[in-house]
Amino acid sequence: MVEMIMHVELCKGCGLCQATCPQDLLSTSDQVNSKGFYPVVLLDKAKCTGCALCARMCPDLVIEIHKQTA
Amino acid sequence: MKTVFSRPQALTNKPLHYCPGCGHGIIHRLVAEVIDELGIREKTIGTCPVGCAVVANEYFNVDMQQAAHGRSPAVATGIKRVLPDRVVFTYQGDGDLASIGMTEVVHAAARGELITTIFVNNAIYGMTGGQMAPTSLLGQFTTTTPYGRKKELQGSPIRVAEMLATLEGAVYIARMSVHNATHVMRTKRAIKRAFETQLEGKGYSLVEILSTCPTNWGLSPVEATKWLADNMIPYYPLGEIKVAAAVEGIN
Ligand SMILES: Cc1ncc(C[n+]2csc(CCOP(=O)(O)OP(=O)(O)O)c2C)c(N)n1
Ligand code: SF4
Ligand code: SF4
């Protein structure tokens with residue numbers, strides 16, 4: 001299982017992560033964060049493979065990824 | 001739980017001030033990841049440029065020294081010569097390094113200073129509002145080239161990596177890009193090799209990194225990555241431009 005932690009207060013809604021996700025699992029929230037940006041949301045937790053490509057493209061260290069080992 | 005991806009220790013917890021989608025954030029993180037992986041956080045000293053990354057000292061969790069515009073390689077030379085057991089890097093934009101600071105970087109490379117330069121080429125002056133840089137492409141619209149950069153008027157863009165590669169003292173020179181995740185990972189490997197070149201005392205190392213400035217290019221962050229791929233990479237070829245014999249064994 002993959003656990004994705006989104007530090008949404010750091011997100012600037014740039015969309016680079018969305019354009020990167022090979023499974024197309026990322027979208028934009030309809031609620032602004034305190035900076036006034038529409039932050040990223042993960043659409044389907046179950047489908048995320050934990051490849052971390054989104055996190056590698058994020059300039060703002062919004063995305064943190066952990067994986068269950070067992 | 002195994003951590004696949006998290007904030008590197010060599011970055012502080014401060015939120016970055018860069019514009020949405022700016023390549024500086026990615027490049028900061030890559031440098032920090034390399035510092036963590038090499039276990040050199042307690043002995044690394046960086047220099048801040050003048051440019052959007054002027055406050056990089058707030059973000060890198062290592063000792064940092066602000067340098068006057070373009071003078072980072074001279075400041076880093078001093079630090080490294082006084083403290084030869086430290087790992088010293090300069091972080092510079094293309095205005096900082098290739099305009100006002102061209103002299104300093106050329107001579108530091110020629111002297112083979114044991115420092116590493118992270119050179120962020122976003123083809124424009126970001127901080128001051130989008131003026132032409134020596135690296136701006138022919139035809140590129142900037143506030144100082146409102147009709148597009150013209151060869152007859154402004155000359156051709158400077159390929160810094162190739163130019164510095166002609167110098168004996170420069171032993172590892174690479175050009176990478178952060179426009180997609182694959183290239184982000186390649187960029188990290190090059191940064192690591194550059195730091196290792198310094199750690200092994202081989203000579204001057206530099207990684208030029210093609211980066212985006214969505215704000216001053218007038219593009220969305222995603223469009224900017226496409227513009228980089230379509231326009232910058234054809235003029236600025238990617239890869240390891242120079243790996244001197246002394247460096248070949250490293251990694
Ligand atoms: C001596 C001096 N000359 C000019 C300036 C104005 N200035 C500030 S940043 C900059 C260029 C920044 O461009 P670049 O190095 O490409 O960095 P970026 O902001 O794009 O990251 C200039 C010309 C200055 N601060 N000091
Ligand atoms: S790349 Fe980072 S800052 Fe940009 S939208 Fe995605 S999570 Fe937010
Ligand atoms: S002006 Fe350009 S280089 Fe500066 S922070 Fe904004 S996007 Fe980045």
Side-chain angles (χ1 to χ4, degrees), chain A, chain B residues 1-33 52-53 59-61 120 122 126 177-189 209 211-215 219-226 228-229:
Chain A
M1 202 195 69
V2 177
E3 197 198 343
M4 188 185 258
I5 301 168
M6 300 282 201
H7 300 281
V8 288
E9 282 302 314
L10 298 177
C11 181
K12 294 172 186 162
C14 72
L16 291 180
C17 55
Q18 287 181 47
T20 302
C21 177
Q23 319 286 334
D24 205 10
L25 297 178
L26 298 171
S27 186
T28 309
S29 169
D30 50 13
Q31 309 264 308
V32 290
N33 64 14
S34 67
K35 284 200 186 94
F37 293 115
Y38 290 97
V40 63
V41 284
L42 175 60
L43 294 175
D44 190 344
K45 205 177 156 181
K47 284 195 188 141
C48 175
T49 62
C51 70
L53 293 176
C54 55
R56 287 183 204 286
M57 276 313 282
C58 176
D60 287 281
L61 295 121
V62 173
I63 303 170
E64 199 178 309
I65 297 175
H66 305 274
K67 250 185 190 171
Q68 199 97 48
T69 33
Chain B
M1 281 290 200
K2 182 175 157 270
T3 298
V4 181
F5 194 94
S6 66
R7 182 181 274 268
Q9 294 219 313
L11 285 184
T12 64
N13 284 327
K14 288 238 168 73
L16 304 173
H17 75 284
Y18 302 109
C19 305
C22 173
H24 274 303
I26 301 175
I27 298 166
H28 279 27
R29 195 193 71 233
L30 295 179
V31 172
E33 286 175 358
C52 287
Y59 307 136
F60 285 111
N61 194 9
V120 182
N122 59 11
S177 170
V178 292
H179 69 289
N180 68 30
T182 308
H183 284 276
V184 164
M185 287 188 273
R186 281 188 198 151
T187 302
K188 181 173 164 184
R189 279 201 292 278
I209 303 167
S211 183
T212 58
C213 177
T215 300
L219 297 173
S220 77
V222 174
E223 285 167 352
T225 59
K226 294 201 173 78
L228 185 163

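A note on names: the letters A, B, ... follow the listed sequences, proteins ahead of strands, and every chain is numbered from 1.
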Undergrad: Quick check on H17(B) against chain A: is it the side chain, the backbone, both or neither that has a heavy atom closer than 4.5 Å?
TA: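 The backbone, not the side chain.
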Undergrad: So which part of V184(B) gets closer than 4.5 Å to some heavy atom of chain A, the side chain, the backbone, both or neither?
TA: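 Contact with chain A is through the side chain of V184(B) alone.
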Undergrad: Which atom names give the shortest non-hydrogen contact between P20(B) and C14(A), and what distance separates them?
TA: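 Shortest heavy-atom contact: C-CB, 3.9 Å.
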Undergrad: Which residues in residues 40-49 of chain A have any heavy atom lying under 4.5 Å from a heavy atom of chain B?
TA: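 Counting heavy atoms that sit under 4.5 Å from chain B, no residue of residues 40-49 of chain A is involved.
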Undergrad: Measure I5(A) against the heavy atoms of chain B and call it side chain, backbone, both or neither at under 4.5 Å.
TA: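 For I5(A), there is no contact with chain B at all, as no heavy atom is under 4.5 Å.
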Undergrad: Counting heavy-atom pairs closer than 4.5 Å to chain A, which one of H28(B), K2(B), H24(B) comes out on top?
TA: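 Between H28(B), K2(B), H24(B), the count favours K2(B).
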Undergrad: Do P59(A) and Y18(B) come close enough that some side-chain heavy atom pair is under 4.5 Å?
TA: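 No; the side chains remain at least 4.5 Å from each other.
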Undergrad: Only heavy atoms, only distances under 4.5 angstrom. Which residues in residues 51-58 of chain A are near chain B?
TA: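 When heavy atoms of chain B are the reference, residues 51-58 of chain A contributes A52(A), L53(A), A55(A), R56(A), M57(A), C58(A) within the under-4.5 Å range.
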Undergrad: I want to check something: taking the side chain as every heavy atom from C-beta on, are M1(B) and Q68(A) in contact at a cut-off of under 4.5 Å?
TA: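 With C-beta onward as the side chain, the pair touches.
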Undergrad: What residues of residues 6-15 of chain B sit under 4.5 Å from chain A when you count only heavy atoms?
TA: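 Within residues 6-15 of chain B, near chain A: S6(B), R7(B), P8(B), L11(B), P15(B).
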Undergrad: Among residues at least two apart in sequence or on other chains, which ones pass side chain to side chain donor-acceptor pair (under 3.5 Å) with Q18(A)?
TA: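 For Q18(A), the residues satisfying side chain to side chain donor-acceptor pair (under 3.5 Å) (neighbours in sequence not counted) are T28(A).
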Undergrad: Is L10(A) close to chain B through its backbone or its side chain, or both, or neither, when contacts mean heavy atoms under 4.5 Å?
TA: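 The side chain, not the backbone.
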